[in-house]
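Below, read A as the first sequence line, B as the second, and so on, with proteins coming before strands; counting in each chain starts at 1.
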Number of protein chains: 2
Amino acid sequence: MASQRSGPNLSRIATSLGVSVATVSNALSGKGRVSDALIERIRSHAAELGYVPSQAGRALRTGRSGVLGLVLPDIANPLFPKIAQAIESAASAAGYGVLIADSRGDITAQTEAINRLVERGVDGMVVVPRRATRISAASCPVAVIDTASTPGNTVAADHWQGGREIATHLAGLGHKQILIIGNNHESNVQNDRAGGIRAGLAPGMRSETLWIERLETETGAGCRLGLAEKAGQGFTAFAALSDLQALRALTELQQEGISVPGDVSVTGFDDLIWSPVVTPSLTTVRMDMDTIADIAVSALIDRINESGTREGVLVTAETERVPMQLIIRHSSGRANPAPKISEMENM
Amino acid sequence: MASQRSGPNLSRIATSLGVSVATVSNALSGKGRVSDALIERIRSHAAELGYVPSQAGRALRTGRSGVLGLVLPDIANPLFPKIAQAIESAASAAGYGVLIADSRGDITAQTEAINRLVERGVDGMVVVPRRATRISAASCPVAVIDTASTPGNTVAADHWQGGREIATHLAGLGHKQILIIGNNHESNVQNDRAGGIRAGLAPGMRSETLWIERLETETGAGCRLGLAEKAGQGFTAFAALSDLQALRALTELQQEGISVPGDVSVTGFDDLIWSPVVTPSLTTVRMDMDTIADIAVSALIDRINESGTREGVLVTAETERVPMQLIIRHSSGRANPAPKISEMENM
DNA sequence: GTTCTGCGCTTAATCGTTTAATCAACTGCA
DNA sequence: TGCAGTTGATTAAACGATTAAGCGCAGAAC
């Protein structure tokens, strides 16, 4: 029943070469004292046999599983692929595997997901928390990726600065009235982005903020955002706090016959997969996920290596904010000095 | 250095209760012969201490890691979240963890990713192959999720039937000329979908197929698809083989002043996250990922349980094709009998 | 000549779990 | 009373790796 592991193990190599398992272990790990000649013999023989060390045996002995957990707020989030990809890549470069856990549902689900990972013996975990939740430290090192204003945050994109990039870009194009379009006003990330935009406005500019989720609880999911009316009121730029909302804004405006970027400009955040291929392609701001993942993973691994006691701790990193990069495409253009006449008539 | 596992283990429970570890193990697993009273005492004491079994110890002894691998062709694929979510959910319901591996890059990367998983000792793996690649069986059971026409496929959505759903829907709306818009003509999935559409056309209807990747190698990435011209030629429906291409088509048409669904209809595949929120919302066809994941995972686990020898095999399932569901939204409507005059003038 | 040191390898313990084998005590039955 | 069968527990041997400690033997130090 219980499966024999197919491959060779240390003792098989040892007996086949007439040495002890300890020597083989030392030769392969380079730790103890073994003569160079023997090291060479052992290594080549191991390679020949296609030896792969048993993670189970190693984990049992060392107390390290060589696996990191990744807890994601909502796997269905379109940003998730990039995060997972970056974390997996960083972890695997450091010799770690990545176990995923989906915390869809409420905060309880998030805690359960964390527990599942702990039970599986992960050495540490990266958590992208549900909006505005605080991670109560699990019994292993935890790195949090959210935004600077989240308590316990380890590293994240500088969402605030990203917002400023958008604001100065729009200011430079001559826009005076900006409509910020967000999804949920409880999201730390979205709040930071909105704050950055407001902080980056030049004198004489003003902004207003529209929270979609709030609107939808009144009007129903998938409702119109009423952007044409906003355009009629003089808003010439629509700065969405995520590309998903930017896409929603863009298509609604186009449907109502308002030209982008001719009449109004639309910008987003995150450079999601569709941003370059829609017409007009989206001006947006991109997080450097690879860098963020590298920082999070190496902070985690540092902590794992130094802490013998396996206590649960929120790890910290030197650089907490990674700059975002503005990507100018075709959905943003010069502010149209006079609102379209047809729009005025509609009012 | 080597960390003491924080929690209690079997022997701690055993000594604390004055029984042997074997008895504790039996009591918790319900396997050996232990008196009901003692079982109760042991279980409650274990719960009280917050005992969690060491996966490493168990894995070493049983030869099973309790972990499945998930290999994805391109994590950045927008469909990925749903797949990962469904697999994770199915696996975790069956008591398994999920280790991810990204095979971004070429087929070599895919093989490397598979090897990494094997080295980590996964009991089996789910592979969503890169387009048109064949999985050379790894040294553990493998379930393949792609499409029925892929050799070795275990289970997948019935892409062909999904295509027929689209075709009959469009036929019912009176469309006669359908432009099928795909990305890559080497993708088995896209070919099956396109085949289904063609097979579902009513007499008197005709279709043509546009492969974006082929067009882009000539004209450059992000180029216009020239859909307005196609509309001028009499195409009234644009059936994209994925929502990403549908979105691209939709926005290009809107930008050119062609009304959707007034002038032409647009449909997609996969019901990706933006489909319900763009304007007009996308008519599309949805895969039942939860069912697919359940089938794949349970086929995998069945094979793991029955095979003692841990050989690498492509597992098979009873139901190979899971029906797709047509979701009618607002991007598809009655065929416009007369093409728009302005369009005709443009020709 | 004796003690010390370093080298190269082996011995043996250990991580936590599972499970086959064993054993003592008790039951039922002739 | 003696024997077989059952019950409820223990003993002990794995699984595969790591690693501290030990051991014999050389050459150096005194």
Please state how far atom CZ in A:Arg64 lies from atom P in C:dG16, giving the value in whole angstrom units. 15 Å

Between P of C:dG16 and CZ of B:Arg12, the distance in whole Å: 8 Å

Could you tell me if A:Ser149 and A:Asn188 have a donor-acceptor pair between their side chains, going purely by distance under 3.5 Å? no

For residues 13-32 of chain B, pull every pair meeting side-chain hydrogen bond (donor to acceptor under 3.5 Å, both in side chains), keeping only residues two or more places apart or in separate chains. B:Ser16-B:His45, B:Ser20-B:Thr23

For the backbone of A:Val322 and the side chain of A:Asp158, can you confirm whether one donor and one acceptor N or O come within less than 3.5 Å of each other? no

Rounded interatomic separation in angstrom, taking CD1 from B:Ile39 and C1' from D:dG8: 11 Å

Quick one: A:Leu10 CG to C:dC15 P, roughly how many Å, whole number? 19 Å

Within the side chain of B:Arg120, is there an N or O that forms a donor-acceptor pair under 3.5 Å with the backbone of A:Gly66? yes

Under 4.0 Å between a side-chain N or O of B:Arg58 and OP1 or OP2 of C:dT18? yes

With nearest nucleotide decided by heavy atoms, which residue, B:Leu60 or B:Val19, maps closer to the 5′ end of DNA chain D? B:Val19

CG of B:Leu17 versus C1' of D:dT10: gap in Å, rounded? 15 Å

Under a 3.5 Å distance rule, please check whether A:Ser103 uses its side chain to pair with a backbone N or O of A:Val71 as donor and acceptor. no

A:Leu38 side chain: which of C:dC9, D:dA17, D:dA9 is closest? C:dC9

Are OP1 or OP2 of D:dA17 and a side-chain N or O of A:Ser11 less than 4.0 angstrom apart? no

When you measure only distances, ignoring hydrogens and angles, does the side chain of B:Arg61 come within 3.5 Å of the base of C:dT18 through a donor and an acceptor? yes

Under 3.5 Å, side chain of B:Thr150 to main-chain N/O of B:Asn153, donor-acceptor pair present? no

B:Ile42 side, atom CD1; B:Leu17 side, atom CG - distance, nearest 0.5 Å: 6.0 Å

Tell me the interatomic distance from B:Asn9, atom CG, to C:dT14, atom P, rounded to whole angstroms. 14 Å

Using a strict cut-off of less than 4.0 Å between a Lys/Arg side-chain nitrogen and an Asp/Glu carboxylate oxygen, indicate whether A:Glu306 and A:Arg303 qualify as a salt bridge. yes

Non-neighbouring partners of B:Thr316 that pass side-chain contact (heavy atoms from CB on, under 4.5 Å), sequence neighbours left out: none

Give me, pair by pair, the N or O atoms of the protein and of nucleotides 22-25 of chain D that are less than 3.5 Å apart, along with how far apart they are.
none

Over how many whole Å does the gap from B:Gln55 atom CD to C:dT18 atom C1' extend? 13 Å

Under 3.5 Å, which N/O atoms of the protein pair with N/O atoms of nucleotides 25-27 of chain C?
none

A:Arg116 meets the salt bridge (Lys or Arg N to Asp or Glu O under 4.0 Å) criterion, sequence neighbours left out, with B:Glu88

Roughly how far, to the nearest 0.5 Å, is the CG atom of B:Asp302 from the CD1 atom of B:Ile304? 9.0 Å

What residues in residues 20-32 of chain A put a non-hydrogen atom under 4.0 Å from any atom of DNA chain D? A:Ala22, A:Ser25, A:Asn26, A:Lys31

Within the side chain of A:Thr319, is there an N or O that forms a donor-acceptor pair under 3.5 Å with the backbone of A:Arg321? no

